[in-house]
Amino acid sequence: MRAASNDAAATLFRAEHGVCRAGRTRRGGPPREAYSIGMTNSEVATALEQVADLLEFQGANPFRIRAYRNGARAIRDLPQQITTLLADPAVQLTNLRGIGNDLAQKITEFVQTGRFAMLDELLESIPASVLTLLRVPGLGPKKAAALYNQLGIETLDQLREACVQGQIRKLKGFAETTEQAILSGLDLAVQADQRIYWAEADGIVQDLLAHMKSSSSIRQIEVAGSFRRGRETVGDLDLLVEAARPQTVMNRFGAYPDVDCVLARGDTKMSVRWDGRLQIDLRVVPHDAFGAALQYFTGSKDHNVVLRGRARQRGLKINEWGVFQVHEGRPDKWIAGKTEADVYAVLELPWFPPELREARDEFHWAETHTLPDLIRSDAIQGDLHMHTTASDGRASLQEMVDAAKARGLKYIAITDHSKRVSMAHGLDGDRLRSQWKDIDQCNRRVTGIKVLKGVECDILEKGGMDLPDDVLSEADWVIASVHYGQNQSRDQITKRIIGALRNPHVSIVAHPSGRLINRRAPYELDMDAVINVARQEGKFLELNANPARLDLDDTTCAAARQAGVPIVISTDAHHPDGLDAMRYGIQQARRGGLTADDVANTRSWSALQKLLRRK
DNA sequence: GCCGTTTTCGGCCCGACTGTTTTCAGTCG
């Protein structure tokens with residue numbers, strides 16, 4: 001879970017990683033232009049979050065600050081583009097939970113004119129750079145504001161200088177210890193602003209669990225937090241333990257290799273900094289509280305806020321120790337907490353898969369008894385995106401087939417790059433047909449798995465496909481991908497992708513947004529239009545399972561599901577081990593609320609073809 | 001600033017830990 005006050009850092013992270021785009025420079029650049037179209041949900045949400053950060057810095061009413069954060073989240077989680085919603089006269093923004101008259105008016109103004117008067121005014125009194133101070137562990141809005149107001153500190157460099165000169169300790173509420181803590185936290189602030197991929201976190205988690213489980217004192221152990229919810233990136237790890245001797249467990253925890261320092265240690269809680277980049281928290285709870293604590297620390301924060309509100313309505317109080325009856329305003333009698341299911345049951349709710357706990361649709365689904373039966377890994381029958389040494393893969397056709405068969409897949413598509421991707425030694429029509437002959441031979445030789453003749457064909461910069469229709473028509477499976485011209489305008493890229501979907505031989509668009517998590521923002525794209533055309537044309541959209549891509553993201557998966565567009569989860573493997581990435585895609589699909597039925601490659605190859613309208 | 005089976009005002013989630021403070025504010029999750 002992220003703390004509310006920590007959201008400032010998240011906002012900065014988003015702002016610095018390409019959420020702002022050319023022509024709409026937010027701060028320090030040319031003034032915003034007037035835009036009637038093209039403003040993305042992410043940009044609107046980022047602006048609202050920035051308002052919240054600045055208000056927090058000013059010491060504004062915390063509930064007003066929260067209202068802006070809630071509004072930002074409502075916009076960020078929208079399955080449709082905000083521009084599409086505003087263009088629809090039947091839609092009222094105020095119908096969205098968390099958006100009232102005031103926010104609706106501000107958002108509309110921002111989307112239609114590119115101006116956000118309140119944000120501009122706030123930034124006149126507080127430089128945006130001051131928010132970087134909040135990255136330093138231990139520095140929240142109050143202390144950071146004191147540093148800015150009393151010492152004029154605006155940047156991390158100025159903060160370091162003030163520490164070195166011993167100025168910080170002179171301020172009321174600060175002392176030498178705080179000054180030293182800031183100094184040692186400064187280096188961390190510079191590097192620790194990036195969340196790690198879930199897949200990397202998983203490696204650490206498995207190793208950490210193995211280390212901890214050798215302690216005989218432990219009766220139950222789970223990892224909670226955003227890791228358990230399967231978020232695509234993880235900012236820290238939350239380890240939960242039931243143990244007979246808490247201090248023994250904490251000692252074991254502290255002995256985990258590469259623990260740099262202990263940040264805090266009390267009776268039930270311990271935090272460490274690991275390997276210079278990751279905070280790991282440990283909580284030790286008694287048996288009767290394990291389920292309540294697991295629920296509490298799994299979050300999300302917003303899901304838990306809804307839950308506690310629900311508890312209050314029933315005269316109950318819910319915290320990490322359990323669910324309690326309230327008597328004269330004080331928690332009185334413990335009534336649940338051994339398991340998560342117990343906690344939810346007391347609130348007349350079903351147990352929610354952790355991936356759905358984001359306060360998006362899960363409570364509505366629970367009330368209407370439409371909670372989706374989320375897809376599981378064992379439902380996947382085929383993998384329809386992988387490469388071989390014919391292009392940029394690192395294993396032969398036969399090696400990939402053997403690896404796929406060993407993983408129990410019933411069919412795979414070999415989809416090497418087309419010639420436009422010259423760096424990857426992409427295939428022209430002749431080489432592709434030659435590979436397909438090899439695949440025919442392979443199919444005669446191998447039993448128990450069907451190998452499909454496919455290609456990942458580039459969508460050219462000027463539009464159109466990289467291979468002629470007569471070649472594509474001979475393939476079993478044609479993936480269309482954008483690899484070049486990613487900086488084109490929204491209109492251009494949208495037209496290219498829609499054009500590909502309308503090509504009668506194309507089956508699917510791969511990694512539709514083009515993003516690389518933490519490295520490259522998605523390209524400008526009207527995703528609503530893409531989903532709409534895919535639905536019209538009877539085509540599929542890929543959920544690329546590569547941990548650095550996970551493209552589509554969770555909310556777009558939900559939008560595709562809502563539109564009835566089948567998703568295909570593919571690994572895009574470039575070597576045999578790459579096939580194991582499927583589970584990351586499954587996890588992302590679960591976050592999008594997808595069932596096995598929503599995912600085309602849970603079907604047999606023949607059943608999948610019946611879903612697809614392709615010549 | 002939002003919201004309403006406590007409905008147009010008065011609430012808004014909760015606890016552990018730390019440091020500076022001698023009873024609590026700030027930070028964090």
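Note: hydrogens, waters and symmetry copies are ignored here, and every other heavy atom, side chains too, is used. Labels below follow one simple rule: chain letters A, B, ... track the order of the sequence lines, proteins then strands, and each chain is numbered from 1.
Toward the 5′ end of DNA chain B lies the nearest nucleotide of Met270(A), the other residue of the pair Leu171(A) and Met270(A) mapping further downstream. The residue among Gly309(A) and Glu179(A) whose nearest nucleotide of DNA chain B lies closer to the 5′ end is Gly309(A).
Ranking dG29(B), dG1(B), dA16(B) by closeness to the Asp102(A) side chain, first place goes to dG1(B). Looking at the side chain of Thr177(A), the nearest of the listed nucleotides dT20(B), dG1(B), dC14(B) is dT20(B). Here the side chain of Asp236(A) is nearest to one of dG29(B), dG1(B), dT27(B), namely dG29(B). Checked against dG26(B), dG15(B), dC17(B), the side chain of Glu320(A) finds its nearest nucleotide in dG15(B). Of the candidate nucleotides dG4(B), dC17(B), dC2(B), dG4(B) has the atom lying nearest to any side-chain atom of Arg97(A).
Residues that satisfy the side chain to side chain contact (heavy atoms under 4.5 Å, CB included) test with Thr177(A), not counting sequence neighbours, are absent from this structure. For Glu161(A), the side-chain hydrogen bond (donor to acceptor under 3.5 Å, both in side chains) test picks out Gln165(A), with sequence neighbours left out. Taking the side-chain hydrogen bond (donor to acceptor under 3.5 Å, both in side chains) definition, one finds that Asn101(A) meets it with nothing, sequence neighbours left out. Every side chain to side chain contact (heavy atoms under 4.5 Å, CB included) that Ala292(A) has, sequence neighbours left out, goes to Val343(A). Shown here are the salt bridge (charged side-chain N to carboxylate O under 4.0 Å, His left out) partners of Asp288(A), two or more places apart in sequence or in another chain: Lys338(A).
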Could you go through nucleotides 9-12 of chain B and list every protein N or O atom that sits under 3.5 Å from one of its N or O atoms, giving the distance for each pair?
| unit_1 | atom_1 | unit_2 | atom_2 | d |
| --- | --- | --- | --- | --- |
| dC12(B) | OP1 | Arg312(A) | NH1 | 3.2 |
| dC12(B) | OP1 | Arg312(A) | NH2 | 2.1 |

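Residue Ile182(A) contributes atom CD1, which lies 17 Å from atom P of dT18(B) at whole-angstrom precision. Remark: P of dG4(B) and CD1 of Ile99(A) are 14 Å apart, rounded to the nearest angstrom. Here dT27(B) presents its P atom at 10 Å from CZ of Phe57(A), a figure rounded to the nearest Å. Atoms CD (Glu56(A)) and C1' (dT27(B)) sit 11 Å apart, rounded to a whole Å. To the nearest angstrom, P of dG15(B) lies 14 Å from CD of Gln295(A). Nucleotide dT18(B) holds its P atom 12 Å from the CG atom of Asp281(A), rounded to whole Å. At whole-Å resolution of the value, OH in Tyr296(A) and P in dG29(B) are 12 Å apart. Distance CD (Gln58(A)) to P (dG1(B)): 12 Å, rounded to an integer number of Å.
Nucleic acid contact class of Gln279(A) (heavy atoms, under 4.0 Å, all strands): sugar-phosphate only. Residue Leu139(A) is in sugar-phosphate contact alone, with no base atom involved, counting any heavy-atom pair closer than 4.0 Å across all strands shown. Backbone-only engagement by Thr178(A) is indicated by non-hydrogen atom pairs under 4.0 Å involving sugar-phosphate atoms exclusively. Among the atoms of the strands shown, none is found under 4.0 Å from any heavy atom of Lys172(A). Residue contacts for Gly173(A): at a heavy-atom cut-off of 4.0 Å it reaches the sugar-phosphate backbone alone, with no base atom in range.
Remark: dT8(B) base-pairs with no nucleotide; criterion is Watson-Crick or G-U wobble with both hydrogen-bond distances under 3.5 Å.
A close approach under 4.0 Å does not occur between any side-chain nitrogen or oxygen of Trp321(A) and OP1 or OP2 of dC14(B). Here Ser271(A) does not reach the OP1 or OP2 of dT18(B): none of its side-chain N or O atoms lies under 4.0 Å away. Neither OP1 nor OP2 of dG15(B) sits under 4.0 Å from any side-chain N or O of Lys269(A).
As rounded to the nearest Å, dC3(B) and dT8(B) have P atoms that lie 16 Å from one another. Taking atom P on both nucleotides, dG15(B) is separated from dT23(B) by 23 Å, rounded to a whole Å. For dC12(B) and dC17(B), the C1' atoms lie 25 Å apart once the distance is rounded to whole Å. The same atom, P, is picked in dC14(B) and in dC9(B); the two are 25 Å apart, to the nearest Å. Across dG11(B) and dA16(B), the matching C1' atoms stand 25 Å from one another, rounded to whole Å.
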Walk me through it: do Phe253(A) and His211(A) pass the test ring pair (Phe, Tyr, Trp, His ring centres under 6.0 Å)? CA-CA 8 Å; Phe253(A) 183 51; His211(A) 169 84; 8.4 Å; no
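Between the side chain of Asn251(A) and the backbone N or O of Gln247(A), at least one donor-acceptor pair lies under 3.5 Å.
Salt bridge absent: Lys170(A) and Glu176(A) never bring a charged side-chain N and a carboxylate O closer than 4.0 Å.
At least one test fails for Arg591(A) against the ring of Trp198(A): distance under 6.0 Å to the centre or angle within 45° of the axis.
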